[in-house]
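Note on naming: letters A, B, ... go to the chains in the order of the sequence lines (proteins, then strands), and numbering restarts at 1 for each one. All values reported here derive from a predicted model rather than from experimental measurement.
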Amino acid sequence: MDLYTEIILDHYKDPQNSGTLTNPTVQVVEHNPTCGDKIHLDLKITDNKVTQIAHESEGCAISIASMSLVSDEIIGKSLEEILKLDKDYIFELLHVEISAGRIKCALLGLAAIKHAILQHQQNG
Amino acid sequence: MIDFPFLKTGIHYLDNAATTQKPASVINAITEHYENGTANVHRGIHSLSEQATDQYEATRQAVADFINAKPEQIIFTKGTTESINIVAHSHDFTAEDEIIVSALEHHSNLVPWQQTKAKLRVIPLKEDLSLDLEAYKKLLSPNTKLVAITAMSNVLGTITPLQEIIDLAHANDTKVLVDAAQYASHFAIDMQKLKPDFLALSSHKMLGPTGVGILYTAHDLKPMQFGGDMILTVSQYESTFAPMPTKMEAGTPNIADVIAFKAALETLTKIGFDKIATHDTELLNYAIEKFSAHPEVTLYTPPNQAAVLSFNVKGSHPHDIASVFNEFKVAIRSGQHCAEPLMNTLGVPATARMSFHIYNTTADIDQAEKALEKVIKLFS
């Protein structure tokens, strides 16, 4: 089975929503210490919904494609809805089987988004 | 011809710096111990226990012979990491003390020193990725209590100028610990010639079982663990300890794997380090030749390099390189290789790494090159 499908390669080479926001509600930096992957994430949250997202990602094709794919999907979703998203949701977005060694790569983007939301909620 | 059963899997195993494959003699020694020889050591009067003790101590003698040391200088640990931690634990460093490490160190020869009160000083790399010995000379001071240095980098394959480093340290009245985890599997080590104060190595990187390490020590050490076997006398409120090395080995040790480690040492001796070095050089040169033919590839090639080749491919992350290689049944390592500071020095988030041993052939590298071509096609 081929891990590097067209979807993954397209999103890796040209990630959706890459960059920064001028006036984000919340900002986080998410690391994967085992491989050095790093995501800078900006979220704009209005009325309990994510209205804008921007990320600057350094990492492997799986982590960047996953960040790119999920960034498109969460716009307009409520914070509670997003916090319920799990790894199966990400695997469906990626359309490929992710081996145990690559799961952290695939989930880094979603982890960044969830951290940003939790940080926003804690700051009230 | 030495039998390595894993060869039947058809996997092109190029991750030997992480751990090596095991010859049949090692696997059989483990099975033989559990089937016919299971007993605890240093305890029973019965024959099985005596036999287990004899075999366990025979490995200690074999290690001593292998590195030209005395058996009482050989402590069994669970690996290089534990060996280094024992030395760190055994010294009471003060805030005035300094410990010198190099920019090449694996986390196992860096993080234990960070936990002491001593200040760390780092030997930098030169432009060509070799150690800057002039900088090292300047780092040595009256406060330098220890130099902790790898003999061979797990990321770049760099062979460090050990003898010079040790001699300079000793002239400064400074002790030296050598991390020989990589080196000991590729080159002969002679304690009488090298004269380090401490040397750490791991069985599993030397064709032996996991869970066995060696700490060679020229000095008396402070036990890190207390309990059975390491004592001389025990009264209700106090105890006296056995002499070296017994006092450093509390509790029931990893008997089967220690016994099997002897078979690994015998295999390395049978092959011979001259042959290993020649083989390593041939494969490394072949890999450099094949991979450097692709302009998309960056190779990390320090002078005095052995058996390890780190690389990057334009437009791709090392994890993706390793995933594509895996599709071609080529096992390589990718990531930071437990050497995050070195990755920062190289200015990359990570590298992909091929590392060789005696059972590898140019066919493994040819297959790796096919995988490389796919990586380039996908990402560059």
Side-chain angles (χ1 to χ4, degrees), chain A residues 1-16 18 29-41 55-71 87 90-91 93-112, chain B residues 11 13 15 18-19 106-108 110-111 114 154-155 296 300 310-353 370-380:
Chain A
M1 206 217 50
D2 209 347
L3 179 60
Y4 297 100
T5 57
E6 224 163 284
I7 299 177
I8 288 179
L9 289 173
D10 285 350
H11 280 267
Y12 171 55
K13 288 173 182 170
D14 186 18
Q16 300 297 297
S18 77
V29 179
E30 192 77 22
H31 285 274
N32 183 347
T34 57
C35 59
D37 284 6
K38 198 199 279 187
I39 295 177
H40 283 261
L41 181 77
H55 63 96
E56 285 184 323
S57 302
E58 295 167 28
C60 65
I62 303 301
S63 77
I64 291 179
S66 173
M67 179 74 249
S68 171
L69 281 158
V70 77
S71 71
K87 64 179 196 307
I90 297 294
F91 294 166
L93 281 181
L94 290 168
H95 282 296
V96 290
E97 203 178 307
I98 300 293
S99 68
R102 301 303 299 274
I103 287 178
K104 272 188 182 169
C105 313
L107 297 183
L108 192 66
L110 181 61
Chain B
I11 291 169
Y13 186 81
D15 195 16
T19 195
H106 187 283
H107 293 164
S108 62
L110 174 64
V111 182
Q114 291 173 343
N154 68 307
V155 178
E296 299 84 357
Y300 302 94
S310 260
F311 64 98
N312 266 304
V313 182
K314 196 179 147 208
S316 70
H317 188 281
H319 276 8
D320 296 318
I321 300 173
S323 278
V324 174
F325 274 52
N326 189 54
E327 286 175 15
F328 284 76
K329 285 192 155 202
V330 181
I332 62 165
R333 174 79 190 267
S334 61
Q336 304 193 322
H337 317 288
C338 297
E340 213 174 318
L342 177 55
M343 292 297 119
N344 295 334
T345 305
L346 296 175
V348 293
T351 69
R353 178 189 72 187
K370 280 185 199 155
L372 174 68
E373 282 162 356
K374 175 86 183 281
V375 171
I376 292 167
K377 195 175 146 222
L378 284 173
F379 296 107
S380 298

### Task
Not counting sequence neighbours, list each pair that qualifies as a side-chain hydrogen bond (donor to acceptor under 3.5 Å, both in side chains) and has a residue in residues 335-344 of chain B.
B:His337-B:Thr351
### Contacts of A:Arg102 that satisfy salt bridge (charged side-chain N to carboxylate O under 4.0 Å, His left out) - sequence neighbours left out
B:Asp320
### Task
Locate the shortest heavy-atom distance separating B:Ser316 from A:Tyr12; write the atom from each residue and the value.
CA-OH, 3.7 Å
#### Entry: Portion of A:Lys13 that has a non-hydrogen atom of chain B nearer than 4.5 angstrom
side chain
### Message
Counting only non-hydrogen atoms closer than 4.5 Å, can you tell me which residues of residues 373-380 of chain B sit against chain A?
### Response
B:Lys374, B:Leu378, B:Phe379
### Query
Who passes side chain to side chain donor-acceptor pair (under 3.5 Å) against A:Asp37, sequence neighbours left out?
A:Ser63, B:His317
### Task
Under 4.5 Å heavy-atom distance to chain B, tell me which part of A:Leu9 shows up: side chain, backbone, both or neither.
side chain
